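This report refers to the structure that appears directly beneath it.
Keep in mind the model is a prediction, meaning the values are calculated, not measured. What you see below is based on every heavy atom in this structure, not just the backbone, and it leaves out hydrogens, waters and symmetry mates. Numbers restart at 1 for each chain; the letters A, B, ... are given by sequence-line order, proteins then strands.
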Amino acid sequence: MPVRDRYAPSPTGALHLGGARTVLFNYLFARKMRGQFVLRIEDTDQKRYDPESLASILEGIRWLGLQWDEGPEVGGPYAPYFQSERLSLYQAAAQRLVEAGHAYYCFCTPKRLEALRKEQERAHLPTRYDGHCRNLDPSELKQRLAAGEPGVVRMRIPDGKTVVDDLLRGRLEFDNSTLDDQVLLKSDGFPTYHLAATVDDHEMAMTHVIRGEEWLPSTPKHVLLYQMLGWDPPTFVHLPLVLGPDRAKLSKRHGAASLLEYREMGYLPEAMNNFLAFLGWSPGTGEELFDLDGLVRAFELEKVQSSPAVFDQAKLDSVNAEHIRRLAPGELSRRLRPFVPDEIGDDLLAQATPLVQTRITKLAEAADLVRFFVERPYDYPEGLVSKGSDAAEAAAVLEEARAVFAAGEPGPGLEAALRQVAEKHGWKAGDLFMALRVAIIGSRQSLPLLESSSILGQDEVLARLDAAIATVAGSTGAAASQKPAIAEDEASP
RNA sequence: GGCCCGUUCGUCUAGUGGCCUAGGACACCGCCCUCUCAAGGCGGAGAUCAGCGGUUCGAAUCCGCUACGGGCUACCA
């Protein structure tokens with residue numbers, strides 16, 4: 001029997017990291033086992049349904065490259081894949097359960113249920129349905145049904161114990177007395193999660209249900225449902241929760257709410273997959289860097305951890321940086337494109353990319369690093385004049401350096417010539433390079449000076465040096481001109 | 001309150017009775033390299049394996065209890 005698993009989101013909010021991790025594990029397992037990965041939309045809550053979140057969930061999964069084999073947009077042999085289009089299936093199942101005595105109609109009003117709950121809370125009792133409608137008189141029931149009185153269908157939890165077999169946690173035994181008579185069919189005719197998921201997982205021939213640990217407490221109800229309907233249950237796998245730094249379940253208040261926000265920040269999908277995979281799983285080999293195919297090859301469901309994992313942004317950053325460094329320069333350029341200003345053309349970006357590659361953690365950081373290619377410095381940070389020197393000397397030094405650039409020395413010769421200039425004036429080479437960096441790039445931290453200058457082009461470099469020389473000279477009073485206030489400050493010790 | 005799950009460096013983890021004086025990665029610190037920033041190389045600090053009690057010749061590994069953390073407790077999923 002081929003493996004079939006699924007991710008079954010409810011379109012009521014964005015795809016979070018925890019959800020993305022669940023998608024990933026389902027995908028990896030299905031691919032590893034050469035089975036099918038199904039996407040099913042659990043839109044059974046009409047009040048909370050949000051079409052935008054549906055679109056963003058699909059987009060997020062696609063961004064990660066975790067294409068589903070069956071589901072929305074691609075269809076499949078078990079269509080439709082939206083639960084709202086499968087209502088008759090759930091209603092028929094509910095009907096069967098009622099007829100077999102495994103479920104019953106309940107006409108309790110929300111008001112009564114709320115009062116009941118309040119009372120139980122006050123008495124420090126477990127909050128559970130009290131079975132008020134469990135044994136309605138058959139003729140009365142017929143009457144109320146005929147009268148169209150609104151009601152729900154509830155599961156009749158039998159006495160005894162229910163065993164849940166979880167792939168990661170082993171055999172778990174639940175006392176049925178702690179289980180609630182769960183609502184299966186709501187008064188609007190829609191099923192609750194418990195009924196819909198059970199019916200669909202069976203109808204869609206799921207062999208594995210891989211979901212978050214928050215579902216573990218309701219799994220005995222699902223097992224019971226399988227028994228009542230005479231179906232074989234799938235293998236249950238409850239993944240450990242993904243926690244925020246405060247050790248509570250990851251949520252919006254821990255930062256980025258949506259997976260797609262990570263795309264905007266410049267994380268690579270392959271890095272997200274790599275990072276997410278290691279949240280609760282490890283190949284045990286010490287290898288840490290994987291692309292999607294590598295993950296598929298190495299993945300083993302049995303090796304998934306059963307204790308929760310704390311999301312660590314610093315680790316994500318490091319994984320992302322690592323993946324950025326592994327990209328071929330051409331590919332990196334393509335990825336960088338949306339993050340870099342349009343004024344920087346494709347050719348320029350391609351030239352700058354190798355310089356940027358080891359200096360960014362996220363794609364979005366590239367923008368600040370390459371901006372100087374199209375923006376002349378309008379302000380000089382400290383550094384034009386080296387320590388222990390003065391403006392007049394600095395101007396002279398820069399002037400000589402300018403001559404070196406003007407002579408158009410080729411690569412290695414250029415650097416050597418500049419070092420000679422520094423030496424002649426008793427400057428440390430580093431101070432000269434810093435002065436040039438400030439003059440040409442406008443920052444004390446930058447891409448490598450000489451490579452950047454060569455990309456910038458001789459004319460542009462000379463123009464920038466002239467402007468810097470004028471500023472330095474101006475601050476001595478030798479050349480009266482408008483100069484940035486900041487340069488004046490630096491010139492005076 | 002009830003039910004359930006979990007507990008190895010700050011974080012992700014390796015580890016399935018002796019190979020562990022507990023290994024790796026990230027983060028952190030130092031050194032080297034170096035035109036800045038990175039990258040890279042080398043090194044360092046960091047875990048009495050939650051605690052206690054058992055089982056055993058021997059326990060991070062098996063069992064029990066306690067503590068702590070978390071999840072669930074809707075006509076939400």
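- Near RNA chain B, meaning a heavy atom under 4.0 Å away, the residues from residues 38-47 of chain A are A:Glu42, A:Thr44, A:Asp45, A:Lys47.
- Considering only residues two or more places apart in sequence or on other chains, A:Asp431 meets the side-chain contact (heavy atoms from CB on, under 4.5 Å) condition with A:Ser386, A:Trp427, A:Lys428.
- No hydrogens or angles were tested; on distance alone, a donor-acceptor pair under 3.5 Å links the side chain of A:Thr358 to the base of B:A38.
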Check your understanding: Along nucleotides 21-30 of chain B, 5' to 3', which nucleotides get a B, which get an S, and which get a -, given that the test is a protein heavy-atom distance under 4.0 Å?
Key -> ---BBS----

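- In terms of polar N and O atoms assigned as donor or acceptor, the side chain of A:Ser187 comes within less than 3.5 Å of the base of B:C75 in a complementary pairing.
- Residues forming a salt bridge (charged side-chain N to carboxylate O under 4.0 Å, His left out) with A:Arg325 (at least two apart in sequence, or on another chain): A:Glu322.
- Not counting sequence neighbours, the partners of A:Thr109 by the side-chain contact (heavy atoms from CB on, under 4.5 Å) test are A:Lys111, A:Arg112.
- Scored by the side chain to side chain donor-acceptor pair (under 3.5 Å) test, A:Glu270 finds A:Arg335 as partners (sequence neighbours excluded).
- Mapping A:Ala309 and A:Glu451 onto RNA chain B via the closest heavy atom, the residue that lands nearer the 5' end is A:Ala309.
- The side chain to side chain donor-acceptor pair (under 3.5 Å) check on A:Gln351 picks up nothing, with sequence neighbours excluded.
- Scored by the side-chain contact (heavy atoms from CB on, under 4.5 Å) test, A:His202 finds A:Tyr226, A:Trp231 as partners (sequence neighbours excluded).
- If A:Gly151 and A:Glu214 are placed on RNA chain B by their nearest nucleotide, the residue sitting closer to the 5' end is A:Glu214.
- Between A:Tyr81 and the choices A:Ile41, A:Val38, A:Asp200, the side chain to side chain contact (heavy atoms under 4.5 Å, CB included) rule is met once, by A:Val38.
- The distance from atom CD of A:Gln445 to atom C1' of B:C35 is 13 Å, rounded to the nearest whole Å.
- With sequence neighbours excluded, no residue forms a side chain to side chain donor-acceptor pair (under 3.5 Å) with A:Ser282.
- Annotation: side chain to side chain donor-acceptor pair (under 3.5 Å) contacts of A:Thr127 (sequence neighbours excluded): none.
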Return all side-chain donor-acceptor pairs below 3.5 angstrom for residues 182-190 of chain A, not counting sequence neighbours, or 'none' if the list is empty.
unit_1	atom_1	unit_2	atom_2	d
A:Lys186	NZ	A:Thr44	O	2.9
A:Asp188	OD1	A:Phe190	N	2.9

Pairs under 3.5 angstrom, nitrogen or oxygen only, protein versus nucleotides 4-6 of chain B, please.
unit_1	atom_1	unit_2	atom_2	d
B:C5	O2'	A:Arg169	NH1	2.5
B:C5	O2'	A:Glu213	OE2	2.9

